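Read the structure below first, then the notes.
On a predicted model such as this, the values are computed, not experimentally measured, just so you know. Chain identifiers are assigned alphabetically (A, B, ...) following the order of the sequence lines, protein sequences preceding nucleic acid strands; residue numbering begins at 1 within each chain.
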Amino acid sequence: MYVDFDRKEQKARTMFHVVHPLDDAPEEKVDLDALGPMRMTATVRVCLLALRGYLLLMFGLLGFRVLQLAGFIRG
Amino acid sequence: MANLLYAGAQAPQTQQKPKSKRVSSKWAAHALTFLMVFGPGLIVMEADNDAGAVSTYVEAGARYGTRLLWLLLLLLPISYFVQEMVVRLGIATGEGHAAMIYRRFGKWWGRFSLADLLLVNFLTLVTEFAAIALAVEKLGVPPVWGVPIAAVALTALALTGSYRRWERIVLFLCLLDLAWFAIAFRMAPPAGEVVRRTILPLAPVAGLTASWLFLVIAIVGTTIAPWQLFFQQSCIADKRLRFSDLRWARLDTCIGAVFTILVAGCMMLVGAAGFHRHWDFTDPAGMAVQLGVVFGPIVKNAILLLMINAAVLGTTAISLSSAWAYGEVRGWAHSLQKPVREAPGFYAVYALCVMAAAAVVLIPRAPLQLIILSVQVLAGLMLPSAIIFLQLLLSDRELLGERLVNRTWNNVVNWTIVVLLFALSLLLAAQVAAPRLFPNE
């Protein structure tokens, strides 16, 4: 009897409780307000500048292509 | 709080014990945790096989047979790597992608990204409803009835005030796509050819033509779309995934990527059935009708219903990505867990996206195939910029810390993806600037 009780207790100790993320207590995350904006290193500046150029070029070309396919511009 | 707790561990007296499920083995605990975390990865990937994707993949099969299957294999790791970064970002910050760009890169880039997202998303939603209109018409239901019914059902789907309910319904819809495997099998494609052309890239028969290039960019644009980045990060934030869920969220994303690419391959094989019979491709609904003549009405109806399912999945995910992003930037309450009265702005944006797109489809008769392909290409053009933001955020040690920041190999893979996407965009630009650069078929 004693052994059985011991086994039951041991089993109870090793039970796992699985909690759904939505039922769990909120977890501490990165505080974005405290971080503020990203530091404008040379890499970040170059990437953003290249991106502006790329977007201007591409949207211009895409608009042209769509108008061409729609028959408004003769290619 | 860790998601695995020993029964003996006592929570502090002041904290309310969270609702939990008890299991007796570690393996069962892991399996159950995975099932609880499972969802955003599969949904984001499978919702990407939306109406536009069905059209693009079926067209690829109808025009080039199995000769573009290799592209899907190439896109599998790319789509996983891109979405895995979003998973890390979402879990680390508990915030959506739009909020992240807004706060880290400033108002200008934040508003620009949001405006881009909303525009492309809205155009994409129009194509989803155009596909619904096309499919219901072929099923014998007038679009003036079918489209509004779909719009109302889609709105109701999100208004339940329960993330879990929405997720379960959408996961069920994702699994309906298993039917694509049965349809592709029914087409009896030669197995050896399928395997060979999946593994070995093959040049197009007519050489590098403008339409081939346009279709390749459309496939890339539809397989990895900007809205996916915004959707999955917001979804992870809404589901409140924890740091300990990271590996399961990665597995979810990996399963989603594999499943989606396999389904996309099946769509291509369905299109290839038309290629082998030398049919002219107009749209997937027309192809379904043609296939119905050969393989029976069950195949026709199944393809049409799967088209509607694809559009429904795409619509709910894309509308949610818009609503989450707008809510994040405006600082509104934005959660599927909240009832309508607590997050009216969030639900209003969702409903407005769905209803406006449905209304547009009912007014004019637009050239569907042209709109769909143009939207995919537009998304493909926007993708490099979205990936650059993602790459800069994932390289930000201040934001992610040593544990989650990109490793060197991550950066090598990601910059390779960026270069690949830029190269495709530049090829398109070259084609537009010099139309005779690549011959027409």
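Only the backbone of B/Asp238 comes within less than 4.5 Å of a heavy atom in chain A; its side chain stays farther off. For B/Leu393, the parts sitting under 4.5 Å from any heavy atom of chain A are the backbone and the side chain alike. Using a 4.5 Å cut-off between heavy atoms, A/Asp31 makes no contact with chain B at all. Interface remark: B/Leu241 contributes backbone and side-chain atoms alike to the contact with chain A (heavy atom separation under 4.5 Å). At a 4.5 Å heavy-atom cutoff, the contact between B/Gln337 and chain A is made by side-chain atoms alone.
The side-chain contact (heavy atoms from CB on, under 4.5 Å) test applied to B/Val329 returns B/Ala98, B/Tyr102, B/Leu114, not counting sequence neighbours.
Nearest heavy atom pair, residue B/Ser234 against residue B/His97, reads OG-N, 4.3 Å. Residues B/Leu246 and B/Arg88 come closest through the heavy atom pair CD1-CG, 4.0 Å.
Using a 4.5 Å heavy-atom cut-off against chain A, the contacting residues of residues 394-406 of chain B are B/Asp396, B/Glu398, B/Leu399.
Under a 4.0 Å N-O distance rule, the pair A/Asp23/B/Lys21 does not qualify as a salt bridge.
Between B/Met100 and B/Phe105, every side-chain heavy-atom pair lies at or beyond the 4.5 Å cut-off.
No side-chain donor-acceptor contact under 3.5 Å links B/Arg22 to the backbone of A/Met15.
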> Given A/Arg52 and B/Trp109, is the side chain to side chain contact (heavy atoms under 4.5 Å, CB included) satisfied, shown in steps?
Replying inline: CA-CA 10 Å; A/Arg52 278 178 208 260; B/Trp109 283 114; 3.6 Å; yes

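In A/Lys29, the NZ atom is crowded: over 12 heavy atoms of neighbouring residues, nucleotides or ligands sit closer than 6.0 Å.
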